[in-house]
Amino acid sequence: MERRRKSHTELARRIVELLRVEGAEPGTKVAEQRLADSFGVSRTPIRAALRLLTETGILSYAPRQGYSLARPLDSASADAPGLPASEEDQLFQAILRDRFANRLGDTLSVNDLMQRYGTARTTVMHVVARMSEDGLLERGHGQHWRFGPAPDSLSAMEESARFRELIEPAALREPGFLPDAALFSDIRRRHQALLTDDILQTEMRAWIDAGADFHDALAACCANRFLARAIRQQTRLRRLSTYHGGANRRRMRDAFHEHLAILDAVEAGDTDHAADLMLRHIRAAQDQRPRVSNRGVPPIARPIRR
């Protein structure tokens, strides 16, 4: 069963952004397996996202030929117009916005969420289950849930960084670490495409997602399932908090060059050097993090365009 479930509409948006930054033109073939490898999911949710893109006219489908890009993509297409945000997606994002803006307490119940957002119980239950799967919520007493640790404050960001300093270099040094040439090639291509783009004009989610997918790719190559799971959870939490807390655009370019240097070392067979580079990378990101209050949205972070 696919444990790392992602919204079909979110996957569809990420597919559109990937095609855009790669400069895809009408007629470009869109391969299911490459997308599944890029985003770390099975082909089943990829197919659902491709069908959604076909329904909105962004892709076309022909029997025995598969999917291809149906129309040009410009910078305005990054939000994949025509893709509706599901009720669950809207509620998920609303809860995250309120949490990171310090408008929600540490504990909540399904009834609380139903009242606050005027949403049906079934929708709330699905979103709570999704947030639990993502490590955002933990079961509390009775019908209550509590927010799990997330990098939403200065102290939490520092704790997360120290934890990552322990696990991510260790994963690279783990016996049995096996690079995935096809996955690494795709990560490299996405990074290089974004580095040739104007970061002030590009949809910021593309940078956030590509950066997160780099860390997920290394976790996927680690033979230690416990390390891999911990890395994926940290990456998922950081991705979500960056969506809602803002991103340091100046830092992003440096981070991508660091990612590519780590890939170079791994592909050269020098995982010790790659681990050292990873440690420096994590520390550099922490040194240049956006200023934050004790908890809440970084005050100088630029909002992500939607």
Side-chain angles (χ1 to χ4, degrees), residues 2-6 10 14 38-41 92 95-96 99-100 106 130-138 146-174 177 180 183-184 187 191 204-205 207-248 251-252 254-256 258-259 262-263 266 271 274-290 292 295-298 301 304:
E2 180 61 62
R3 297 295 299 166
R4 300 177 62 212
R5 183 180 64 177
K6 291 182 173 70
E10 181 64 24
R14 293 177 65 189
S38 296
F39 299 133
V41 299
F92 185 93
I95 293 172
L96 282 182
R99 174 60 176 173
F100 286 111
D106 293 335
R130 178 175 163 190
M131 298 186 87
S132 174
E133 184 177 319
D134 283 346
L136 293 165
L137 288 178
E138 301 170 349
R146 63 176 179 271
F147 283 101
D152 60 352
S153 68
L154 177 58
S155 60
M157 289 169 67
E158 290 173 345
E159 290 172 16
S160 174
R162 288 196 298 273
F163 183 52
R164 293 177 58 220
E165 287 176 11
L166 295 174
I167 62 174
E168 295 202 45
L172 288 162
R173 291 193 171 102
E174 187 70 12
F177 182 91
D180 184 324
L183 182 55
F184 283 11
I187 293 292
H191 274 52
M204 202 61 201
R205 281 178 180 255
W207 290 80
I208 296 169
D209 287 339
D213 290 340
F214 161 80
H215 289 276
D216 273 350
L218 294 181
C221 297
C222 173
N224 187 316
R225 291 169 293 175
F226 299 97
L227 278 175
R229 181 176 181 178
I231 292 169
R232 285 194 295 267
Q233 184 182 47
Q234 284 294 306
T235 301
R236 188 179 303 121
L237 292 173
R238 287 188 303 109
R239 188 202 300 261
L240 292 170
S241 66
T242 308
Y243 280 163
H244 295 277
N248 185 333
R251 165 64 191 157
M252 197 69 77
D254 291 341
F256 271 39
E258 292 162 14
H259 289 174
I262 292 169
L263 287 183
V266 170
T271 51
D276 290 339
L277 291 175
M278 178 63 78
L279 181 60
R280 294 177 208 167
H281 168 66
I282 295 169
R283 289 177 174 172
Q286 184 68 356
D287 288 342
Q288 298 183 44
R289 66 181 182 272
V292 294
R295 188 168 86 194
V297 179
I304 298 171

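When a residue number appears, it is its place in the shown sequence, counting from 1. Note that the coordinates shown come from a computational prediction; the quantities given were computed from them, not determined experimentally.
Here R239 contributes atom CZ and D209 contributes atom CG; the two are 4.5 Å apart, rounded to the nearest 0.5 Å. In this structure, the separation between CE on M278 and CD1 on I167 is 10.0 Å, given to the nearest 0.5 Å. With rounding to the nearest 0.5 Å, the separation of CE in M252 from CH2 in W207 is 7.5 Å. The structure places CD1 of I282 at 10.0 Å from CD of Q234, a figure rounded to the nearest 0.5 Å. Taken to the nearest 0.5 Å, the CD atom of E174 stands 13.0 Å off from the SG atom of C221. If you take CG on L237 and CZ on R232, they are separated by 13.0 Å, rounding to the nearest 0.5 Å.
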>> Could you go through D287 and R280, starting from their C-alpha distance and side-chain angles, then the distance that decides it, and tell me whether this counts as salt bridge (charged side-chain N to carboxylate O under 4.0 Å, His left out)?
In response: CA-CA 10 Å; D287 288 342; R280 294 177 208 167; over 6 Å; no
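Counting only heavy atoms from C-beta outward, the side chains of L227 and F177 never approach each other to under 4.5 Å. I262 is listed as a side-chain neighbour of L218, based on a closest heavy-atom distance under 4.5 Å. Side-chain atoms of L136 and L96, non-hydrogen and from C-beta on, do get closer than 4.5 Å to each other.
Counting all heavy atoms, side chain and backbone alike, F163 lies closest to A230 at CZ-CB, 4.1 Å. In terms of heavy atoms, I187 sits closest to A217 at CG1-CB, 4.1 Å.
Scanning for salt bridge (Lys or Arg N to Asp or Glu O under 4.0 Å) contacts around E138 gives R146, with sequence neighbours left out. Among residues two or more places apart in sequence or in another chain, the salt bridge (Lys or Arg N to Asp or Glu O under 4.0 Å) test is passed with R283 by E165. The side-chain contact (heavy atoms from CB on, under 4.5 Å) search around A210 returns R190, H191, L194, F256, not counting sequence neighbours. Considering only residues two or more places apart in sequence or on other chains, T235 meets the side-chain contact (heavy atoms from CB on, under 4.5 Å) condition with A212, H215, D216, I231, R238. With sequence neighbours left out, the side-chain contact (heavy atoms from CB on, under 4.5 Å) criterion links E258 to R251, D254, H281, A284. For D276, the salt bridge (Lys or Arg N to Asp or Glu O under 4.0 Å) test picks out R173, with sequence neighbours left out.
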